[in-house]
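Structure, as structure tokens:
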2 protein chains.
Amino acid sequence: MNWKQLFPQFEPELIELIEKEAVQRSFNAGDIIMRTGQYIKSTALVLEGQIKIYRENQDGGEFLMYYLGPGQACAVSMICAIQSHTSEIMAKAEEDTEVLMIPVQLMDDMMNKYKSWYQFVIQTYRSRFDELLSVVDNIAFRNMDERLEFYLKRYTDKTGKKNIELSHQQIADDLNSSREVISRLLKKMEQRNMVKLHRNMIELL
Amino acid sequence: MNWKQLFPQFEPELIELIEKEAVQRSFNAGDIIMRTGQYIKSTALVLEGQIKIYRENQDGGEFLMYYLGPGQACAVSMICAIQSHTSEIMAKAEEDTEVLMIPVQLMDDMMNKYKSWYQFVIQTYRSRFDELLSVVDNIAFRNMDERLEFYLKRYTDKTGKKNIELSHQQIADDLNSSREVISRLLKKMEQRNMVKLHRNMIELL
DNA sequence: CTCACAATGTGACAGAAATCACAACCGTAT
DNA sequence: ATACGGTTGTGATTTCTGTCACATTGTGAG
């Protein structure tokens, strides 16, 4: 996998350093990559696949925050790594996923030496923060129907596909809602010609 | 105001630089410090008072995210400043407030030269991110009664006072709820001896 | 083909919260 | 003292969402 294309902004020496020190790891769809309370010893750059970042509460309820795709990095792992705190979130591989693990010890050095890395880290913070902001917006101000629309839109934006291959139950989990509610709202959306429903698949129109 | 005590971790040279280049500004209680869509040309360090960071939606609904007190800095302004993006949030002075404005141009340099500044920035990101996470937790998983308890607790933690001098309407605004709901929930809390209600003041027991 | 199981549809009901309507209350400026 | 405005209390009603119960449908294994 030629990962360099994903990070064209990195300087040659930085690429060399990463090539030498980072470890590539694979995860299968469904694998838990990081769990709440776990210590973090490296930052992950996503090369391939999709990682789902979500919050879990005591009763097993889940709540999707955002996805990480190729070319992106986990802001939480960066912050935690630098400060050696435990993670407060869960990360699960949505698809088969390849990541590049950069050991914590290198982070400080890289921040100092490589402008492009520094920029990348700032950029990562910024976009994750923004995504969290829009998540807050949605649950604070919007009803489930609008949140569902936003969810579907984000999903197609992320995957590029118009067909969303998820069961109603999976969607309900991500939105911390219940299957029946999602089914009903989807039906309404179908009546308004916004989607077409199939088994295990929703077609966005 | 001897601001250096608030930032004991800063190196002497960094303090000198800030002293030379930063501008101190005062805001009165109620002043809007930053509004959605506004360009940001400096990062603010809070010296005195409290700043409320919140989100606003189209219909004028507000939603409190967190407070910034003395010794803290606005993560959003840092990120925006570095990338010269517009802000996505509102900042309002809760009390009369003193802040130190550090011009954007200095940021890059400070990040490179002063380890303590770099640490401070990372620390700031981390704590704001964590606060946003707990905000998401609250609205995603908790009902209004629990959110209200959290809100009151946070308020007393922040101000140090056991007496919360807010009207029910103000609380409702911060939680994006309605006055009647808050009044009723507070009554219930009073019956459970968790608070004592007065006019414009709530006593936490 | 048929059985089993997962996914989906649907009605009935419960609870939380928003909204409306209005009463009561407190403080203060005149 | 009174009148006014902001604050708080409370009932009635509605909407949204979650929950329970159960029917229906599609799909793949045997």
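Since we're looking at a predicted model, the values are computed, not measured. Only this structure's heavy atoms are used, side chains among them; waters, hydrogens and symmetry mates stay out.
Sorted by first and then second residue, the salt bridge (charged side-chain N to carboxylate O under 4.0 Å, His left out) pairs with a member in residues 49-64 of chain A read A:K52-A:E94, A:K52-A:D174, A:R55-B:D137; sequence neighbours excluded. Residue pairs satisfying the salt bridge (charged side-chain N to carboxylate O under 4.0 Å, His left out) criterion with at least one member in residues 176-189 of chain B, sequence neighbours excluded, are listed as follows: B:K187-B:E190.
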_Generate the contact string for nucleotides 13-18 of chain D. Rules: B means base contact, S means sugar-phosphate contact only, - means no protein heavy atom under 4.0 Å._
----SB

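When the C1' atom of D:dT8 is taken as reference, atom CG of B:L166 falls 15 Å away, rounded to whole Å. Taking atom NE2 on B:H198 and atom P on C:dG27, their separation rounds to 12 Å, with Å as the unit. The interatomic distance linking A:F141 (CZ) with C:dA17 (P) rounds to 17 Å, in whole Å. Taking atom CD of residue B:Q169 and atom P of nucleotide D:dT8, one finds them 9 Å apart after rounding to whole Å. What separates CD1 of A:I139 from P of C:dA17 is a distance of 15 Å, to the nearest Å. Remark: P of D:dG26 and CE of A:M201 are 15 Å apart, rounded to the nearest angstrom. The CD-P distance, from A:E165 to C:dA7, rounds to 14 Å in whole Å. Rounded to a whole Å, the CD1 atom of A:I202 is 11 Å from the C1' atom of C:dT8.
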Run the side-chain donor-acceptor check on residues 193-205 of chain B: report pairs under 3.5 Å with partners two or more places apart or on a different chain.
| unit_1 | atom_1 | unit_2 | atom_2 | d |
| --- | --- | --- | --- | --- |
| B:H198 | NE2 | B:E203 | OE1 | 2.8 |

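One N or O donor and one acceptor, one from the side chain of A:R179 and one from the base of C:dG9, sit under 3.5 Å apart.
Between A:Y125 and B:Y125, the ring-plane angle classifies as tilted under the 30° and 60° cut-offs. Ring geometry for A:F10 against A:F7 counts as parallel: the plane angle stays under 30°, on a 0 to 90° scale with 60° as the upper cut.
Figure legend: B:R128 and A:F129 shown without cation-pi pairing, the cationic atom not lying both under 6.0 angstrom from the six-membered ring centre and within 45 degrees of its axis.
Shown here are the salt bridge (Lys or Arg N to Asp or Glu O under 4.0 Å) partners of B:K115, two or more places apart in sequence or in another chain: A:D108.
Side-chain atoms of A:Q9 and A:S116 form no donor-acceptor pair, as typed in the model, at a separation below 3.5 Å.
For the pair A:K187 and C:dT8, the criterion of a side-chain N or O lying under 4.0 Å from OP1 or OP2 is not met.
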Under-3.5 Å N/O pairs linking protein and nucleotides 2-6 of chain C:
| unit_1 | atom_1 | unit_2 | atom_2 | d |
| --- | --- | --- | --- | --- |
| C:dA6 | N3 | A:R199 | NH2 | 3.1 |

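By the 4.5 Å heavy-atom criterion applied to side chains, A:T97 and A:Q50 are not counted as neighbours.
Closest contact between the side chain of A:N200 and the listed nucleotides C:dA7, D:dT8, D:dA21 involves C:dA7.
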